[in-house]
Amino acid sequence: MPPLPGSDSVGEEARARLDEVIHSPVRLSVVAALAATDEAEFAAVRDAVQISDSALSKAVTALEQAAYVAVRKGYVGKRPRTWLSLTPAGREALSAHLTALRAIAGA
Amino acid sequence: MTSTNPTPDEARQLLAMTAGAAGSLRAAGQNRHAQWLTGLATSTFMFYVGLSTIPDDGPALVLCGAYMASCLVLSLALLRGVTVTKEGMGRRWIGAIRGWGVAYTVSLIVGLTWLRESVLFWLLASVVVTAPLAVGAWREGRA
């Protein structure tokens, strides 16, 4: 009977599956928060993740470039608003990343 | 904590952080869509109960106007400026509105054509027409 893989090898495999784009805690929080929604307004995401406007803007720019997040601009009355949503690619990337983290956590 | 080689403890902390962020954003939406469906269910129920007690067309039209006004107020108060739409809301919403729409249309056609003065019909209809909205509100609240 072949020996079971050691916890180190399980962890190493899982670490290789971590997504570099969303591994940053800020981006990971943003993506995880958006995964619970179809769409969320910029300020709501900022408050939920507890970061500044500029930090969220930077994170969203990086995620949008990776095609993980979609940005929609509109108005509520006369006030401009920005809505964020996770793309299917973003949901897949998050799912794979969380699976890898669970494997590391359990290792 | 920006290591690309997280330890098991760091991975657990990241997982807890993601769950917290998701829960916070979900809660930020204040369940407005569920509140709207609940409000519409209540208005609809009262409308049908009212129709069961009003045999004349004039007062029934006033009741209808009040029903439409309550729907408008609900929409302006709860749907305008929604900041968070929970995942799957569209699917749940369409299901609830479609069920309500079909029951509402059929019950009004049948009731106003053949059973205008049947109290039992309107009371039963109040439950049947409200049910899809109430179920939709419950599902949306749990999501």
Side-chain angles (χ1 to χ4, degrees), chain A residues 7-8 10-12 14-51 56 72 74-77 79 81-86 91 94-95 97-107, chain B residues 1-37 72-97 136-137 139-143:
Chain A
S7 60
D8 280 354
V10 170
E12 284 304 315
R15 286 186 185 92
R17 295 197 304 267
L18 291 173
D19 188 305
E20 286 183 9
V21 173
I22 62 176
H23 185 58
S24 141
V26 169
R27 291 182 210 162
L28 181 57
S29 293
V30 170
V31 170
L34 288 175
T37 70
D38 276 350
E39 195 174 59
E41 205 259 320
F42 185 93
V45 177
R46 177 201 64 206
D47 294 341
V49 178
Q50 297 182 336
I51 55 176
L56 180 56
R72 179 175 73 86
Y75 288 86
V76 173
R79 294 182 196 170
R81 288 283 185 264
T82 300
W83 281 273
L84 310 174
S85 59
L86 207 55
R91 288 187 190 274
L94 175 66
S95 176
H97 190 84
L98 292 178
T99 301
L101 282 177
R102 286 187 197 107
I104 295 168
Chain B
M1 202 200 317
T2 57
S3 163
T4 53
N5 263 330
T7 62
D9 275 343
E10 285 171 346
R12 278 188 279 273
Q13 284 178 32
L14 286 171
L15 288 167
M17 181 188 72
T18 58
S24 289
L25 189 56
R26 204 183 288 117
Q30 300 173 325
N31 263 324
R32 282 195 180 196
H33 295 103
Q35 289 178 35
W36 188 88
L37 287 169
L72 181 65
V73 168
L74 275 173
S75 300
L76 289 174
L78 294 174
L79 299 186
R80 199 161 175 268
V82 165
T83 57
V84 176
T85 303
K86 287 198 248 184
E87 191 193 4
M89 190 285 292
R91 181 177 23 92
R92 291 185 295 272
W93 183 268
I94 288 172
I97 296 298
R139 291 177 68 210
E140 187 60 29
R142 285 186 63 209

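As a basis for the values below, the full set of heavy atoms in this structure was taken, side chains included, without hydrogen atoms, waters or symmetry mates. Sequence lines set the chain letters: A, B, ... in the order given, protein chains first and strands last, and positions in each chain run from 1.
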Contacting region of A/Arg91 [heavy-atom separation from chain B under 4.5 Å]: side chain

Close side-chain approach of B/Glu87 to A/Asp38, heavy-atom, < 4.5 Å: yes

Nearest-0.5 Å distance, CG of residue A/Leu101 to CD of residue B/Gln13: 11.5 Å

Atom pair CG/CZ of B/Leu14 and A/Arg102 - distance to nearest 0.5 Å: 12.0 Å

Nearest heavy-atom neighbours spanning B/Pro6 and A/Ile104: O-CG2, 3.5 Å

For B/Val84 against A/Ala44, the heavy-atom pair lying closest together: CG2-CB, 3.8 Å

Heavy-atom pair with the smallest gap, counting every atom of B/Leu15 and A/Leu98: CD2-CD2, 3.7 Å

A/Arg72, CZ atom: more than 12 neighbouring heavy atoms under 6.0 Å: yes

Minimal non-hydrogen separation, B/Ala11 against A/Ala105, with atom names: CB-N, 3.8 Å

Selection from A/Ala36, A/Ser29, A/Ala32 maximising heavy-atom pairs under 4.5 Å formed with chain B: A/Ala36

Validation row: A/Arg81, B/Thr83 side chains within 4.5 angstrom (heavy atoms): no

A/Ala35 versus chain B, the contacting section by heavy-atom distance below 4.5 Å: backbone

